[in-house]
Amino acid sequence: MVFYNEGGSNTRRKEVGENCRLEIAGADGEVAVTNVSFSEEANTSEVQYSDGFSQNIAVTGVTYSGSFEIPGNANVERDLGWDGGSGEATTLPQHVSSMSIIDGEGDEYTFTNVLFNSHSKDIPSDDRTTQSFDFMAEELIEE
């Protein structure tokens with residue numbers, strides 16, 4: 001049985017989402033978010049020929065991806081991850097050097113060479129505007 005928010009080294013603490021922070025390289029300080037998530041996925045390949053009788057699964061890489069949502073105006077963050085386009089040129093995503101997610105426990109997950117591969121803006125008539133970003137990254141460093 002796990003007891004939350006109790007002292008001791010073998011107990012787990014309850015993480016609260018409102019304590020999560022997001023820092024994007026180039027942004028001025030922390031970015032206010034209403035939701036942030038990420039996933040790590042192992043890229044695998046089945047090895048068909050081996051010395052053993054069992055089938056082996058080889059890890060060929062790791063994919064990092066996730067999303068975050070910003071309430072209100074997120075033009076600064078959008079401009080960090082998308083070029084402006086000019087004239088007849090279309091806007092294209094550009095890499096952000098790093099982005100850090102600091103969870104409620106203070107653990108920091110720093111992603112490097114980040115690409116915002118999706119951006120959407122929701123403008124409801126009776127509530128606050130939100131902007132959502134999906135991202136992918138080349139590397140994850142846990143601190």
Side-chain angles (χ1 to χ4, degrees), residues 1-48 50 52 54-143:
M1 177 178 272
V2 176
F3 296 99
Y4 291 104
N5 296 330
E6 302 275 332
S9 61
N10 293 329
T11 59
R12 300 173 97 178
R13 292 180 47 94
K14 183 177 178 181
E15 287 189 44
V16 181
E18 66 186 22
N19 297 334
C20 182
R21 302 186 322 265
L22 178 68
E23 296 175 355
I24 302 173
D28 188 23
E30 294 178 357
V31 177
V33 292
T34 52
N35 186 33
V36 63
S37 64
F38 71 91
S39 64
E40 307 171 84
E41 184 175 342
N43 304 324
T44 60
S45 177
E46 294 180 8
V47 178
Q48 295 179 359
S50 67
S54 64
Q55 194 173 32
N56 294 324
I57 299 175
V59 176
T60 59
V62 179
T63 302
Y64 304 103
S65 62
S67 64
F68 58 93
E69 181 180 81
I70 298 175
N73 185 325
N75 294 339
V76 170
E77 292 75 21
R78 187 204 177 274
D79 291 346
L80 289 171
W82 291 80
D83 70 7
S86 60
E88 294 182 16
T90 186
T91 60
L92 294 173
Q94 55 192 10
H95 286 90
V96 175
S97 61
S98 67
M99 183 177 81
S100 296
I101 298 170
I102 301 101
D103 67 15
E105 288 289 300
D107 296 326
E108 186 169 342
Y109 304 91
T110 301
F111 297 91
T112 60
N113 209 11
V114 178
L115 185 69
F116 297 160
N117 57 334
S118 174
H119 167 249
S120 61
K121 186 171 185 173
D122 184 27
I123 309 170
S125 63
D126 60 348
D127 201 1
R128 179 171 49 183
T129 297
T130 58
Q131 295 189 54
S132 301
F133 297 83
D134 293 329
F135 69 90
M136 52 195 317
E138 288 185 5
E139 185 178 33
L140 169 61
I141 302 165
E142 292 184 52
E143 298 175 18

Practice task
I would like to know whether Asp107 and Glu142 meet side chain to side chain contact (heavy atoms under 4.5 Å, CB included); could you show each step before the answer?
Solution key: CA-CA 7 Å; Asp107 296 326; Glu142 292 184 52; over 6 Å; no
Can you tell me how far the [atom1] atom of [X] sits from the [atom2] atom of [Y], to the nearest 0.5 Å?
X      : Y      : atom1 : atom2 : answer
His119 : Glu77  : NE2   : CD    : 9.5 Å
Arg21  : Ile101 : CZ    : CD1   : 12.0 Å
Glu138 : Thr63  : CD    : OG1   : 11.0 Å
Lys121 : Ser132 : NZ    : OG    : 12.0 Å
Phe135 : Asn117 : CZ    : CG    : 9.5 Å
Asp134 : Phe116 : CG    : CZ    : 10.5 Å

Indicate yes or no: at least one non-hydrogen side-chain atom of [X] is less than 4.5 angstrom from one of [Y].
X      : Y      : answer
Arg78  : Thr91  : yes
Asp28  : Val76  : no
Val96  : Phe111 : no
Asn113 : Glu139 : no
Phe68  : Ile24  : yes
Phe133 : Val114 : no

Over all atoms of both residues, closest heavy-atom pair of [X] and [Y]:
X     : Y     : value
Asp79 : Gln94 : O-NE2, 3.4 Å
Pro71 : Ala32 : CD-O, 3.5 Å
Ser45 : Thr60 : CB-CG2, 3.8 Å

Handout entry: Polar side-chain atom of Asp122 near backbone of Thr130 as donor-acceptor pair, under 3.5 Å
Key =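 Not at all, since once roles are kept as given, no pair shorter than 3.5 Å links the two residues.
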Problem - Residue Asn43 excluded, over 12 heavy atoms near CG under 6.0 Å - result: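 Yes, the 6.0 Å shell around CG holds more than 12 heavy atoms from other groups.
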Problem - With Asn73 via side chain to side chain contact (heavy atoms under 4.5 Å, CB included) - residues at least two apart - result: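 Residues passing side chain to side chain contact (heavy atoms under 4.5 Å, CB included) with Asn73: Asn75.
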Practice task
Not counting sequence neighbours, which residues clear side chain to side chain donor-acceptor pair (under 3.5 Å) with Ser37? List them please.
Solution key: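 Ser37: side chain to side chain donor-acceptor pair (under 3.5 Å) contacts with Ser67.
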Handout entry: With Thr44 via side chain to side chain donor-acceptor pair (under 3.5 Å) - residues at least two apart
Key =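 Listed in chain order: nothing, the list is empty.
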Handout entry: Between Thr34 and Glu69, a side-chain donor and acceptor under 3.5 Å
Key =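 Yes, because at least one side-chain N or O of Thr34 sits under 3.5 Å from a partner of the opposite role on Glu69.
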Handout entry: Any donor-acceptor N or O pair under 3.5 Å, side chains Ser100, Thr110
Key =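 Side-chain D/A pair, Ser100 to Thr110: present.
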Practice task
Classify the angle between the aromatic ring planes of Tyr109 and Phe38 as parallel (below 30°), tilted (30 to 60°) or perpendicular (above 60°).
Solution key: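 Geometry flag for Phe38 against Tyr109: tilted rings.
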